[in-house]
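Input: a single structure, listed below in structure tokens.
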2 protein chains.
Amino acid sequence: MSLPHAILTALLEKPSSGLELTRRFDRSIGYFWSATHQQIYRELGKLEKAGFIRALPTDSPTRGQRKEYEVLVPGREELGRWVGEQEEPRALRDPLMLRLRAAGVVGVGADLVEELRRHRALHAARLAEYREFQRRDAARGHGTERDRVQGLVLRGGIDLELFWVTWLDGAIADLTGPGPEGDSVP
Amino acid sequence: MSLPHAILTALLEKPSSGLELTRRFDRSIGYFWSATHQQIYRELGKLEKAGFIRALPTDSPTRGQRKEYEVLVPGREELGRWVGEQEEPRALRDPLMLRLRAAGVVGVGADLVEELRRHRALHAARLAEYREFQRRDAARGHGTERDRVQGLVLRGGIDLELFWVTWLDGAIADLTGPGPEGDSVP
DNA sequence: TAGTCCATGTAATCAGTTACATGATTCG
DNA sequence: CGAATCATGTAACTGATTACATGGACTA
């Protein structure tokens with residue numbers, strides 16, 4: 001049950017409408033908790049009914065009209081409670097590793113190596129993006145706890161992408177270089 | 001749609017019953033693709049109906065009686081096809097990072113730091129376990145492609161756990177050491 | 001006025017989790 | 001025989017994804 005708390009966090013950082021939230025879930029927050037607009041609107045409805053957030057009063061009708069939400073006191077309390085909770089680390093689910101392992105029994109093809117290269121490029125791009133965020137953030141101060149914590153999370157993102165790029169480089173080298181395999185890279 | 005292919009891979013590596021599969025999904029395979037026994041039995045049923053696997057013939061009744069499955073030719077073909085597929089990297093969903101970011105707005109408490117320490121210990125334990133696998137595998141040869149690929153995946157697991165341990169150490173140091181915070185670590 | 005974009009939503013489906021049910025075997 | 005364990009399954013629910021619907025505002 002993390003999505004509602006992700007939304008509460010986002011709204012505390014800055015009150016927003018559903019679409020703005022969706023965009024923010026494509027950027028910063030989405031880098032470690034993704035969500036689609038359908039999920040977000042549904043969850044906003046639930047959070048409002050629960051009394052955790054409210055739509056800022058407006059005169060216009062509801063549909064097709066921008067609705068800005070802010071967090072109410074019970075919402076902030078709920079988030080504080082949740083932050084103190086324990087939770088087991090997620091069991092990993094990574095299709096690429098699975099694919100590799102499957103290739104171990106049915107044979108590694110050139111298209112799999114191509115797929116590894118593609119992922120390598122995607123992770124490298126994201127890594128560059130994160131480093132750009134970091135560079136930009138370094139300019140502004142990081143005196144508050146909030147800044148320090150966001151810096152920490154960003155570092156986590158960077159190190160994680162670094163892991164992927166490094167590991168994928170190793171995997172590609174291993175599958176194309178030595179051994180009896182001479183396939184791919186024509 | 002990775003679970004069926006995870007099962008096909010597992011069954012190709014070694015024909016098994018549902019419960020054996022469940023155990024294997026708690027060990028090696030489960031380290032990058034987890035599944036519960038309910039999922040596995042359900043999926044075995046579907047795979048059998050699709051003609052990808054079959055239960056080894058037996059005389060005894062069905063319920064409460066061990067049923068061993070093996071992969072049929074169409075199943076192996078399907079897996080080969082799937083290995084060649086493209087798929088976007090999964091959008092990350094990590095509650096711990098989210099919790100940290102939430103703590104950035106509602107305040108970092110001692111219990112959160114405790115939770116980081118707990119996760120650090122869990123990841124360190126898994127890291128040690130993986131390294132033990134690696135040590136054991138090194139003894140046996142790794143001549144075949146299958147061995148090489150499994151070694152690759154294991155290295156991925158190790159590097160990933162290493163990332164967590166390192167990052168968590170940094171985070172704990174950052175939150176307890178400098179700055180205006182003096183909480184926790186009594 | 002037709003098209004495009006902004007914005008909010010509904011419906012159907014699928015994957016994964018939790019809780020529970022049932023039968024067979026073994027061992028004291 | 002009763003309890004524990006091995007083994008296979010059902011049912012209900014929750015969370016996430018995909019596809020589609022609706023309406024307002026601007027603009028060529």
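Values below: all heavy atoms of this structure, side chains included; hydrogens, waters and symmetry mates excluded. Chain naming here is simple, since letters A, B, ... match the order of the sequence lines and numbering starts at 1 in each.
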Side-chain ([X]) to main-chain ([Y]) donor-acceptor, under 3.5 angstrom:
X        : Y        : answer
A:Arg131 : A:Ile158 : no
A:Glu13  : A:Ala10  : no
B:Arg118 : A:Glu87  : yes
A:Glu145 : B:Val108 : yes

Would you mind telling me which residue lines up with the more 5' stretch of DNA chain C, B:Lys46 or B:Gln38, judged by nearest nucleotide?
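Here B:Lys46 is the residue nearer the 5' end.
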Tell me: [atom1] of [X] to [atom2] of [N], nearest whole Å?
X       : N      : atom1 : atom2 : result
B:Leu3  : C:dG16 : CG    : P     : 6 Å
A:Tyr69 : C:dA7  : OH    : P     : 14 Å
A:Met1  : D:dC13 : CE    : P     : 16 Å
A:His5  : D:dG15 : NE2   : P     : 11 Å
B:Glu43 : C:dA15 : CD    : C1'   : 9 Å
B:Lys67 : C:dT22 : NZ    : P     : 18 Å
A:Tyr41 : D:dT18 : OH    : C1'   : 17 Å

Between B:Leu19 and A:Ser34, just flag the one whose closest nucleotide in DNA chain D comes earlier from the 5' side.
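This one resolves to B:Leu19.
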Determine whether B:Arg146 and B:Gln150 make a side-chain contact, defined as any pair of heavy atoms from C-beta on separated by less than 4.5 Å.
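Yes, side chains in contact.
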Looking at C:dT17, I'd like to know if its phosphate oxygens (OP1 or OP2) sit under 4.0 Å from a side-chain N or O belonging to B:Gln39.
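Affirmative; the distance criterion is met.
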Among C:dA7, C:dG16, D:dT17, the nucleotide that comes nearest once only the side chain of A:Arg42 is considered:
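The nucleotide sitting nearest to the side chain is D:dT17.
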A:Arg23 has a side chain; which of D:dC6, C:dG9, C:dA7 sits nearest to it?
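So the nucleotide nearest the side chain must be C:dA7.
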Contact residues, residues 83-99 of chain A to DNA chain C [heavy atom, < 4.0 Å]:
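DNA chain C contact set from residues 83-99 of chain A: A:Arg93.
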Under a 3.5 Å cutoff, is there a donor and acceptor pairing between the side chains of B:Ser16 and B:Arg24?
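Yes, because at least one side-chain N or O of B:Ser16 sits under 3.5 Å from a partner of the opposite role on B:Arg24.
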For B:Trp167, is the NZ or CZ atom of A:Arg155 found under 6.0 angstrom from the centre of its six-membered ring and inside 45 degrees of the ring axis?
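Output no; distance or angle outside limits.
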